[in-house]
Amino acid sequence: MKPPRRRYGLLAVLVALIVLASLQIQFHHLKEDRLAGDRTFATTTTTTTTDRVHWRRKRTGADGLPRGIVHSHSDMYLRPLWDSGANPKNKNDNHNALLAMAVGISQMQNVDIMAHKFLNQNYTVMLFHYDGNVDGWRNLEWSDKAVHILAHNQTKWWFAKRFLHPDVVAIYGFIFLWDEDLGVDNFDPRRYLDIMVSEGLEITQPALDPDLSTDIHHRITIRNKMTKVHRRIYDNRASMNCSDESKGPPCTGWVEGMAPVFSRDAWRCVWHLIQNDLIHGWGLDMKLGYCAQGDRAEKVGVIDSEYVVHQGIPSLGGPSLRSKTPRRSLDLRTHIRRQSSAELEKFKERWNSAVREDEEWTDPFEA
């Protein structure tokens, strides 16, 4: 009876070995399937994530639109509500310009004369109303042709930062950002721009008539009757010491903030230089040369043959037509001047801080 038991034992061992081998084979296949699945899942997940990131990147901002429908620029042309057959674009083939001014109703007569000069050349006129009075201008025959924007007691720099973004005014080759108290009897905007282009200037201002102007602060702005354009002044005084060796303001490469004119490329730079919260613009004039698209001693100039009169009327912050307290307006102007001086110091601090922190920036005008 012993031999059969031995055979049964051997058979049991053999069956156990077969089962164990089968289990090992199954385990091996399961492991391989799992690894393959993990690789497939990872690949699918990565691909899906990549596609999703790529999709999001492509559709950020205007990238989600077909290119042909994207209009990246705008203009200030007034469009009719129905097709009148008129072409709103500038008919002047030589230049396309925008005159922008901060204005008050007390200066309407002078602004009327200024606006006519530009509208006669089919240039665009934009008025920033700081006194809240827009209706008072409607009697002027050109009023409906101008763009009117209202914000109480704001300066032209405040308006310019918010409404003259470079992409919005990119259609214009030149931006006149002027004060409202300029006499323009001896000024023609088209001739002025012809000179600006022929001289290769990017930032300019018309010279000031020294006999009639009541508010001249800087000698470089005074008209030279012997020249068409001047880019520098000569002064041997210790406080100035301006010579051919001078490389920057106030001897060369400088215009004043009352009547600057910018090329399109220069304005794109200047707009970024304007500080959003420093609304009086003090200090900007000393840095405008950095936006001259080249050597400021060559690209910035004062045009003498087309000149203006600076009347020096401090209307912003002054009394309104309804005011019966002119004394209060004097107090307000004192506060405004103090604020302007404080903003000047802030601007200087920001410039110096920016220069220190930007290690990649180098001053192009340093010797």
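None of the values given here were measured: they were computed from a predicted structure.
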Interatomic spacing from [atom1] in [X] to [atom2] in [Y] - rounded to 0.5 Å:
X: Cys251; Y: His218; atom1: SG; atom2: NE2; result: 12.5 Å
X: Trp282; Y: Ser340; atom1: CH2; atom2: OG; result: 5.0 Å
X: Leu164; Y: Trp267; atom1: CG; atom2: CH2; result: 5.5 Å
X: Met258; Y: Ser213; atom1: CE; atom2: OG; result: 8.0 Å
X: Leu344; Y: Lys346; atom1: CG; atom2: NZ; result: 12.0 Å
X: Arg190; Y: Tyr123; atom1: CZ; atom2: OH; result: 6.5 Å

Are the side chains of [Y] and [X] in contact, using a 4.5 Å heavy-atom criterion?
X: Trp178; Y: Val261; value: yes
X: Val229; Y: Leu201; value: yes
X: Cys269; Y: Gln293; value: yes
X: Ile220; Y: His230; value: yes
X: Trp351; Y: Met286; value: no
X: Val309; Y: Leu208; value: no
X: Tyr172; Y: Arg264; value: no
X: Trp254; Y: Glu256; value: yes

Indicate yes or no: does Lys299 engage Asp265 in a salt bridge with an N to O separation below 4.0 Å.
-> no

Salt-bridge present (Arg191, Asp194; N to O < 4.0 Å) = no

Give a yes or no on whether [X] and [Y] share a hydrophobic cluster (residues Ile, Leu, Val, Met, Phe, Trp, Tyr; joining criterion: side-chain heavy atoms under 4.5 Å apart).
X: Val134; Y: Met76; result: no
X: Val125; Y: Leu150; result: no
X: Ile216; Y: Tyr307; result: no
X: Val355; Y: Ile274; result: yes
X: Val270; Y: Trp361; result: yes

Near [X] [atom1], under 6.0 Å, is it more than 12 heavy atoms from other residues, nucleotides or ligands?
X: Arg162; atom1: CZ; value: yes
X: Glu141; atom1: CD; value: yes
X: Asp358; atom1: CG; value: yes

Quick one: closest heavy-atom pair of [X] and [Y], and the distance?
X: Ile195; Y: Ser305; result: CD1-OG, 3.0 Å
X: Arg350; Y: Asp277; result: NH2-OD2, 2.7 Å
X: Ile222; Y: Ala207; result: C-CB, 4.3 Å
X: Asp167; Y: Ser72; result: CB-O, 3.8 Å
X: Leu78; Y: Asp144; result: CD1-O, 3.0 Å
X: Lys117; Y: Pro189; result: O-CG, 3.4 Å

Would you check, one step at a time, whether the test side-chain contact (heavy atoms from CB on, under 4.5 Å) holds for Trp137 with Val111?
-> CA-CA 10 Å; Trp137 297 77; Val111 173; 3.7 Å; yes

Quick one: does any side-chain atom of [X] pair with a main-chain N or O of [Y] as donor and acceptor, under 3.5 Å?
X: Asp304; Y: Asn224; answer: yes
X: Arg219; Y: Tyr234; answer: yes
X: Lys247; Y: Gly253; answer: no
X: Asp235; Y: Arg237; answer: yes
X: Thr214; Y: Gln311; answer: yes
X: Asn110; Y: Gly183; answer: no
X: Thr155; Y: Ile279; answer: yes
X: Thr124; Y: Leu98; answer: no
X: Gln109; Y: Gln107; answer: no
X: Arg232; Y: Ser243; answer: yes

Strictly under 6.0 Å, is that where the ring centroids of Tyr290 and Phe365 end up?
-> yes

Please walk me through it: do Lys287 and Phe347 pass side-chain contact (heavy atoms from CB on, under 4.5 Å)?
-> CA-CA 10 Å; Lys287 303 303 180 184; Phe347 181 80; 3.7 Å; yes

Would you sort out whether Arg223 and Asp209 count as a side-chain contact (heavy atoms from CB on, under 4.5 Å), showing the intermediate values?
-> CA-CA 6 Å; Arg223 182 191 179 209; Asp209 186 332; 5.8 Å; no

Does one side chain, of Ser353 or Glu349, offer a donor that lies under 3.5 Å from an acceptor on the other?
-> no

Taking atom types as modelled and ignoring hydrogens, do the side chains of Asp131 and His129 form a donor-acceptor contact shorter than 3.5 angstrom?
-> no

Please step through side chain to side chain donor-acceptor pair (under 3.5 Å) for the pair His217 and Asp215, ending with a clear verdict.
-> CA-CA 6 Å; His217 300 288; Asp215 200 11; 2.8 Å; yes

Evaluation steps, side-chain contact (heavy atoms from CB on, under 4.5 Å), between Leu193 and Gln121 = CA-CA 11 Å; Leu193 293 180; Gln121 298 294 337; over 6 Å; no

Testing Tyr192, Trp142, Phe176 for ring-ring contact (aromatic ring centres under 6.0 Å, His included) with Phe118, which one passes?
-> Phe176

